[in-house]
Number of protein chains: 2
Amino acid sequence: MARSKVSISDIAKQLNISTTTISFILNGKAKEKRISDKLVARVLKKVKEEGYIPNMVAKGLRTGKTNIIGLMVEDISNPFFASIAKKIEEKAHHNGYKIVYCSTENDSERAKEFLTMFQTLGVDGCIIAPTMGMEEDIRDLVEKGMDVVLLDRKFRNMSADVVMVNNEEGMYNTVTHLVKEGFKKIAFIALALDKPEKEDRIIGYKEAMEDNGLEAHVFPLPFRVEHSEYVKEISDILNNYQDFDAMLFGTNYLGISGLEAIGNLGLRIPEDLAVVSFDDHDLFRIYKPGISAIAQPIEEISQTAIDTLLDRLGHNDKQKVNRMVSLATTLILRGSTERVVKDKS
Amino acid sequence: MARSKVSISDIAKQLNISTTTISFILNGKAKEKRISDKLVARVLKKVKEEGYIPNMVAKGLRTGKTNIIGLMVEDISNPFFASIAKKIEEKAHHNGYKIVYCSTENDSERAKEFLTMFQTLGVDGCIIAPTMGMEEDIRDLVEKGMDVVLLDRKFRNMSADVVMVNNEEGMYNTVTHLVKEGFKKIAFIALALDKPEKEDRIIGYKEAMEDNGLEAHVFPLPFRVEHSEYVKEISDILNNYQDFDAMLFGTNYLGISGLEAIGNLGLRIPEDLAVVSFDDHDLFRIYKPGISAIAQPIEEISQTAIDTLLDRLGHNDKQKVNRMVSLATTLILRGSTERVVKDKS
DNA sequence: TTGAAAGCGTTACCAT
DNA sequence: ATGGTAACGCTTTCAA
């Protein structure tokens, strides 16, 4: 580490005063401790001259606060999480906090390692988009007193705040819209990390199909590292069941892989197949035709998550009841879901 | 901070041995210090039982190493940087390092703040994609002994390692290719943070145009926060100079804004206008037609940057001469640059 | 083969 | 209004 040569005691020596006084001044307690303005000025001047920079590590050891927040998401390179990360970092920085991040890759072993890392690093709190199999570990963490904000997944009886998106409703409304438009054979390519019957997006889809008297066609895909594998699987699905008139994708990367598969097969959107994807993406806006998307409110998710955490970190009010915020999705309609009456010829 | 209740001295007390011994054992010095296997086993067992987790803050204070690396990029939510961040984090984690990141937004004031943050946090080293106006501050940092790896921009006489991409050559080759294909009126929409005559991509473009006896048309745009502003500016350019047959974009987000502008104006790619963008992107691969791109080797950039830094952090060999790695770009040809002979009718 | 104690830079309690 | 000093949890030198 490039240790700044000058410490608080160097300044103290040079000015012939105590480190205590300097610490008070540097921490804005000069008034409270009734330190003379003259001395304050003298200290501040010296501090600037010497280019003194406080050592957060020492401070952290003494105070038990590192001003670091841990952020754990599925994949920091996914635009959805990257945008959230950026917003959270901005807000955190504005409040004097730094962010250390990690990508779980939906691997619970990795995730556990990171949880340990957060503890040994001494983060003040963390924001976690949990993967399957993390419930117990997160519970332990919370019981140790760590402030945790959960993204997108809640656990029963855990005293952590939660920021959710109403996935079920978002999906339900989307299917309803498609049905109104006249689509009937609607497939759902879903990312299923959990059991399908526990995945909200799948539940919403099935419910809507059922309520409309239609048959549900869910294709739950497990997590894949290589996107080319998704392309292949989706191509297979399209080849084996050629009579779908609409296809839903459960995440932005499934949607992207889907577009690639559809393009490769030479299918026209929306004439041959209507398309909607969860999570909006630059690509969906600019693609021709535009791809309708179920957009998550990234701004609000980030804002709520970091606000909730900072709030808790600020007032160490452990009594306060946990928040559980559920945000609505927005169905953005674009060309990919416009009903085109097929010419039967 | 959720402080883990159990410290090294708790274990020591319970086992009736000294903290020294435990420290040795935990740091793999048991053999070296010839501590009995029996004791080692006893300690390890206890440590596991008690769920002891070392406190990196205390460790950091004592050793002067935090095992934290600072990562500073223009915008962590840009897929280009997000991918780099992910790769770097992976590799760092594998070597016991954590990453704290920040987005400069091309704002040198923000950037300076972050540099200070890195110091007060005590990061062991950092990877920086510098913005204009940071040269002096980075130089100070390096002189204080911080290990710094620069991404994509070098400074004269600075003892920092540099990982560059050969922007000039990438651009030159692209223009050359377009000319060979028969394009003549080639415009370049460039992001110009520095003076245009110092931007490698602009230099490469101009040189190639000149070498082919063509007139250069550079439109240097300053950094904008809102992408809609780019769309507007690019639309204006397209409206005012309607005889371009090809358009180059200096970054992926300029390219995306460009596609939006082109789409809005109803121009056909590549019939009315060929398009190439710097930085590949999912969108460019999947768009119809595919958009040719000058791809930066993200994998190699990340790998080289983190390897270089870890190397330096490992062997504190300050004597070692600085590395300056320059990586080649790849021109990925897609439909957007296929020459279509226009029907004059 | 193991332990005592100093010290990393800061804060905060208790003095004065 | 200001200062002395213990303490935070760990590593490391020196001693035994």
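Chain identifiers are assigned alphabetically (A, B, ...) following the order of the sequence lines, protein sequences preceding nucleic acid strands; residue numbering begins at 1 within each chain. No hydrogens, no waters, no symmetry mates; every other heavy atom, side chains included, goes into these values.
One finds a side-chain N or O of B:Thr21 lying less than 4.0 angstrom from the OP1 or OP2 phosphate oxygen of C:dG3. Remark: B:Asn27 is in phosphate contact with D:dT11, judged by side-chain N or O atoms under 4.0 Å from OP1 or OP2. Within the structure, a side-chain polar atom (N or O) of B:Ser23 is placed less than 4.0 Å from OP1 or OP2 of D:dT11. In this structure, A:Lys65 does not reach the C:dT11 phosphate: none of its side-chain N or O atoms is under 4.0 Å from OP1 or OP2. The phosphate of D:dT2 (OP1 or OP2) has a side-chain N or O of A:Ser36 nearer than 4.0 angstrom. Not one side-chain nitrogen or oxygen of A:Lys59 sits closer than 4.0 Å to the OP1 or OP2 atom of C:dG9. Regarding contacts with the backbone of D:dC10, every side-chain N or O of B:Arg62 stays at 4.0 angstrom or more from both OP1 and OP2.
Rounding to whole angstrom units, CD1 of residue A:Ile8 and P of D:dG4 are separated by 14 Å. Distance B:Asn16 CG to C:dA4 C1': 15 Å, rounded to the nearest Å. Whole-Å rounding puts the B:Lys29 NZ to D:dT11 P distance at 8 Å. We find that CZ of A:Phe24 is positioned 11 Å from C1' of D:dA1, with the value rounded to whole Å. The distance between atom NZ of B:Lys13 and atom C1' of C:dG3, rounded to the nearest whole Å, is 15 Å. A straight line from CZ of A:Arg42 to P of D:dA1 spans 16 Å, rounded to a whole angstrom. Atom P of nucleotide D:dT11 and atom CG of A:Leu61 are separated by 12 Å, given to the nearest angstrom. As a whole-Å value, the separation of A:Glu32 CD from C:dA12 C1' is 11 Å.
Counting only heavy atoms from C-beta on, A:Ile17 has its side chain closest to D:dG3 among D:dG9, D:dG3, C:dT10. For B:Thr20, the side-chain atoms get nearest to C:dA5 when compared with the rest of C:dT11, C:dA5, C:dG9. In this structure, the nucleotide among D:dT2, C:dT10, C:dT11 sitting nearest to the side chain of A:Ile35 is D:dT2. You'll find that the side chain of B:Ser18 is closest to C:dA4, out of D:dT13, C:dA4, C:dG9. When each of D:dG9, C:dT10, D:dT2 is scored by its nearest atom to the side-chain atoms of B:Ala58, the top-ranked nucleotide is D:dG9. The side chain of A:Tyr52 lies closest to C:dT10 when the candidates are D:dT11, C:dT10, C:dT11.
Ionic pairing of A:Glu143 and A:Arg139 is not present here: no N-O contact between side-chain nitrogen and carboxylate oxygen is shorter than 4.0 angstrom. The residues B:Glu105 and A:Lys86 are annotated as salt-bridged, a charged nitrogen and a carboxylate oxygen being separated by less than 4.0 angstrom.
Residues A:Met56 and A:Thr66 form no side-chain contact, since every pair of their non-hydrogen atoms from C-beta on lies 4.5 Å or further apart. Between A:Asp194 and A:Arg153 the shortest side-chain heavy-atom distance falls below 4.5 Å.
Between B:Thr19 and A:Thr19, the residue anchored nearer the 5' end of DNA chain D, judged by the nucleotide with its closest heavy atom, is A:Thr19.
A side-chain hydrogen bond (donor to acceptor under 3.5 Å, both in side chains) with A:Arg312 holds for exactly one of A:Asp147, A:Asp124, A:Asp161; it is A:Asp161.
A:Asp75 and A:Ser77 share a side-chain donor-acceptor pair at under 3.5 Å.
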